[in-house]
A.B. asks: 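Below you'll find the structure I mean.
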Amino acid sequence: MYYSKLLIPTLKESPADAEVVSHKLMVRAGMIRQMAAGIYSILPLGLRVLRKVEQIIREEMNQIGGQEVFLPSVQPAELWAESGRWDFYGKELLRFKDRNDREFCYGPTHEEVITDIVRREVKSYRQLPITLYQIQTKFRDEVRPRFGIMRGREFTMKDAYSFHATEESTHETYSSMANAYSRIFKRCGLDFKMVEADSGTIGGNFSHEFVVLASSGEDCIGFCNSCDYASNLEKAETKTSPINTESPLPEDLNEVATPKKKSVEEVTQFLRVSPNTLIKTIIFETDQGLVAGLVRGDREVNPVKLKNLVGCEWLIPASENLIAKTTGLPCGYLGPVGIKLKVFADKEIPPMSNSIAGANKIDTHLTGIQFKRDLKVEKIGDIRSVNEGDPCPKCKSGKYKIKRGIEVGHIFILGKKYSESMQALYLDDQGKEKPMIMGCYGIGVGRTAAAAIEQNHDEQGIIWPISLAPFQAVILPVNFSDDAVHSAAKKIYKSLWELGVETLLDDRPDRLGVKFKDAELLGIPIQIIVGPKNLGDGKIEIKLRKTGESQLISFPEEIAYISTILSEL
RNA sequence: CGGGGCGUGGCGCAGCCUGGCUAGCGCACCUGCUUUGGGAGCAGGGGGUCGGAGGUUCAAAUCCUCUCGCCCCGACCA
């Protein structure tokens, strides 16, 4: 394609509102333009890249027996009422009414729609398992869209759903999905990790995220420096620390004055003790009322883990106001002894003896707390956050490392959540009606492309992996009005397309410098520079975007050379 | 939702505090000539209800009120 005919509005300067590199570069390279907060137009170059990602996804989905469908983006409220999510999904669900005042929403996800299709059309265990997928535009009215296409409100997502008669079958599909996902992200040239993710109340290792490592990522993942354990930090398990064998004589409860000492740091300094002798009491607001979480003084409560232990629908840190209203105390003097809330303790708490905590009395703490004797707790479990350097829960010698990443994919076993509420039933070989078991699997298409830029760029611009590049090669004629250059450039252009190489010919009348800058910004892997001087010597210059290496090749041999390079990239 | 910031031509900004001529600058765009191996030079040119509404004033981009939009910082998700 000829550059002058394409809409590639490149910019020298980054838009003022762009934060992360991928956003800046996508705008500068003329791939995307913003319409409204979190809503973008995709321009020709951007679309070429997204199509590449989609194509890779399609191939791998089809490979594992997925069937592509295309579901409605506008969905009736009744369907959501059936699953119970119409009331449950908050403001993120974009709702509207049609002319007859019927309620609809713009689909943020498609469990309801797919379950409806399958329950109507699939009746027998003989038809199971089945995996359906689509690549769709979705809308989630996020509180705070940001980072361009990486976290928009409107976004393209591949979502797949599988339906099964048995758990074994579910797990089979789950693991072939996991493999397909790994192949997809590998083919996209990404450095990623498959990590265990929070699966909510369902439990078990039935949820994994695919996370592209990038400092700009919004997710934190913990992984072992020795074995292959990796987990989203909100789920990352902890190893029970060895119990203190030398149990000192249990002391009696004792009130000590700790005027104005509220934080763990202040209290430990004041009492000259180490933080791991303290019990920290953190109050959370949940749909089941206020609860207290207990962790050691040197630990933090992980809200996701606590939520799962409590078994509630939602959980947020209680505001200081709310705490004051219910307990009559400022934060800092709260403690588990005699508190009138449901108490959930981290598994590190029971082995502690002679510990210290707030006395539920202003300016006062309690010492000599014995877990068994003094505390009444609802449940004990793993509710603390992992820190870098903590021992790996899966292997002997490993330690946790923590890195940021971008979640590009998520696979999840849904179980019978939707099939039960929406009556997606099949007849088993005994003629008995049973709910299907479901799995769901998502990939953020635009986010994957953005993540690729986060990982592959330099000061000049994008450096596309060959598999995602909008064009594999660009021809840069030094002076396109020079007859020899003109005809050589066109000849190369023609041969490359015949070879199946997507090639851009920069036919603009601009100087070479301009063409170089744009070619680098756009990140096209191979640059072919055709100049009158080299051409006079029968040479063409071929330069690689990634390394900057360039080589002079004899004019009639450049096509063969390029196809060799392509096979190596 | 809470806290903060910004809205001036397509993009990036100045001007605002301390109201006062046809509202500026860089980039981009159009025309012509020259130029052509790293974002060219000269000459000419087009494009702006200063986000919107109301108010104060002889006079408002500038001051006041309201409003809309966008962005950033804290609890969710692909």
Side-chain angles (χ1 to χ4, degrees), chain A residues 9-20 23-24 27-28 30 33-39 57 89-93 108-110 135-160 181 197-198 200 209-212 217-219 232 234 284-285 303-304 307 314-319 321 405-412 440-451 460-461 476-482 485 508-521 527 529-535 541 543 548 550:
Chain A
T10 59
L11 299 173
K12 285 185 190 172
E13 289 176 281
S14 299
D17 51 22
E19 272 270 296
V20 296
H23 185 192
K24 288 181 187 165
V27 174
R28 284 192 55 208
R33 287 293 184 265
Q34 189 180 70
M35 250 283 114
I39 300 177
I57 294 173
Y89 227 99
K91 286 193 165 184
E92 246 177 54
L93 185 62
T109 175
H110 285 70
I135 295 176
Q136 248 287 13
T137 300
K138 313 219 182 230
F139 194 93
R140 293 183 189 169
D141 201 351
E142 296 250 8
V143 181
R144 199 148 90 75
R146 54 185 145 172
F147 302 157
I149 219 183
M150 196 140 96
R151 192 187 167 93
R153 293 193 292 171
E154 185 175 278
F155 59 99
T156 305
M157 180 179 166
K158 185 284 304 182
D159 49 330
Y181 271 42
D198 174 47
E209 287 172 354
F210 289 77
V211 177
V212 170
E218 293 181 277
D219 279 17
N232 191 303
E234 51 183 41
F284 290 85
E285 196 183 343
V304 175
K307 173 180 159 257
W314 55 268
L315 177 146
I316 53 168
S319 68
N321 272 339
I406 301 160
E407 181 189 357
V408 289
H410 197 164
I411 58 177
F412 200 99
C440 86
Y441 320 90
I443 292 179
V445 174
R447 187 180 278 192
T448 300
Q460 309 305 317
L476 307 175
V478 171
N479 180 354
F480 200 53
S481 54
D482 179 291
V485 169
R508 295 176 300 174
D510 299 79
R511 302 158 71 95
L512 218 223
V514 175
K515 301 184 189 185
F516 266 131
K517 289 290 179 196
D518 278 334
E520 278 150 14
L521 176 60
Q527 298 168 0
I529 302 116
V530 184
K533 233 184 268 167
N534 282 330
L535 210 54
E541 181 181 341
K543 191 171 173 187
S550 84

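In what follows, chains are A, B, ... by sequence order, proteins preceding strands, each numbered from 1. Side chains are part of it too, since the values below use all heavy atoms of this structure and drop only hydrogens, waters and symmetry mates.
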A.B. asks: By the 4.0 Å heavy-atom rule, please label Pro15(A) as base, sugar-phosphate, or nothing.
C.D. replies: sugar-phosphate
A.B. asks: Show me the donor-acceptor pairs within less than 3.5 Å that the side chains of residues 139-149 of chain A make with the rest of the protein, sequence neighbours left out.
C.D. replies:
unit_1: Arg140(A); atom_1: NE; unit_2: Pro108(A); atom_2: O; d: 2.9
unit_1: Arg140(A); atom_1: NH2; unit_2: Pro108(A); atom_2: O; d: 2.8
unit_1: Asp141(A); atom_1: OD1; unit_2: Arg153(A); atom_2: NH1; d: 2.8
unit_1: Glu142(A); atom_1: OE1; unit_2: Arg151(A); atom_2: NH2; d: 3.0
unit_1: Arg146(A); atom_1: NE; unit_2: Glu218(A); atom_2: OE2; d: 3.4
unit_1: Arg146(A); atom_1: NH2; unit_2: Glu218(A); atom_2: OE2; d: 3.3

A.B. asks: Using side-chain contact (heavy atoms from CB on, under 4.5 Å), reason through Lys543(A) and Glu520(A) one step at a time and then give a plain yes or no.
C.D. replies: CA-CA 11 Å; Lys543(A) 191 171 173 187; Glu520(A) 278 150 14; 4.1 Å; yes
A.B. asks: Roughly how many Å is it from NE2 in His23(A) to P in C11(B), rounded to a whole number?
C.D. replies: 13 Å
A.B. asks: If I take atom NZ in residue Lys517(A) and atom P in nucleotide G39(B), what distance separates them, rounded to the nearest angstrom?
C.D. replies: 7 Å
A.B. asks: Give me the distance, rounded to whole Å, that separates G55(B) from A61(B) when you measure between the P atoms they each carry.
C.D. replies: 15 Å
A.B. asks: Among all residues two or more places apart in sequence or in another chain, which pass the side chain to side chain contact (heavy atoms under 4.5 Å, CB included) test with Asn232(A)?
C.D. replies: Val195(A), Glu209(A), Asp219(A), Glu234(A)
A.B. asks: Under 4.0 Å: is that the gap between some side-chain N or O of Gln460(A) and OP1 or OP2 of G38(B)?
C.D. replies: no
A.B. asks: Which whole number of Å gives the distance between the P atom of A78(B) and that of G4(B)?
C.D. replies: 32 Å
A.B. asks: In Å and rounded to the nearest 0.5 Å, what is the NZ to OG1 distance from Lys138(A) to Thr156(A)?
C.D. replies: 10.0 Å
A.B. asks: Identify whether any heavy atom of Ile529(A) sits under 4.0 Å from a base atom; if not, whether one sits that close to sugar-phosphate; answer base, sugar-phosphate or nothing.
C.D. replies: base
A.B. asks: Indicate for each nucleotide in nucleotides 73-78 of chain B, in 5' to 3' sequence, whether protein heavy atoms under 4.0 Å reach the base (B), only the sugar-phosphate (S), or nothing (-).
C.D. replies: B-BBBB
A.B. asks: Keeping to residues at least two apart or across chains, list the side-chain hydrogen bond (donor to acceptor under 3.5 Å, both in side chains) pairs with something in residues 10-20 of chain A.
C.D. replies: Thr10(A)-Asp518(A)
A.B. asks: Considering only the P atoms, how many Å lie between U49(B) and A23(B), rounded to the nearest integer?
C.D. replies: 12 Å
A.B. asks: When the P atoms of G15(B) and G9(B) are considered, how many whole Å apart are they?
C.D. replies: 15 Å
A.B. asks: I'd like to know if Asn479(A) reaches the base of G37(B) with its side chain such that a donor and an acceptor end up less than 3.5 angstrom apart.
C.D. replies: no
A.B. asks: For C11(B) and G51(B), measure between their P atoms and round to the nearest Å.
C.D. replies: 13 Å
A.B. asks: Nearest whole angstrom, please: distance from the P of G37(B) to the CG of Leu535(A).
C.D. replies: 15 Å
A.B. asks: Checking Val408(A) now: which residues fulfil side chain to side chain contact (heavy atoms under 4.5 Å, CB included) with it, not counting sequence neighbours?
C.D. replies: Phe185(A), Phe210(A), Val212(A), Ile406(A), Arg447(A), Thr448(A), Ala451(A)
A.B. asks: Measuring only the P atom in each nucleotide, how far is U8(B) from C13(B)? A whole number of Å is fine.
C.D. replies: 10 Å
A.B. asks: Do any N or O atoms of the protein come closer than 3.5 Å to N or O atoms of nucleotides 26-28 of chain B, and which pairs are they?
C.D. replies:
unit_1: G26(B); atom_1: N2; unit_2: Glu13(A); atom_2: OE1; d: 3.3
unit_1: C27(B); atom_1: O3'; unit_2: Lys12(A); atom_2: NZ; d: 3.3

A.B. asks: Taking A53(B) as the reference, what is the distance to G10(B) when you measure between their C1' atoms (whole Å, please)?
C.D. replies: 27 Å
A.B. asks: Is the distance from OP1 or OP2 of G38(B) to the nearest side-chain N or O of Lys515(A) less than 4.0 Å?
C.D. replies: no
A.B. asks: G2(B) and C58(B): how far apart are their P atoms, nearest whole angstrom?
C.D. replies: 40 Å
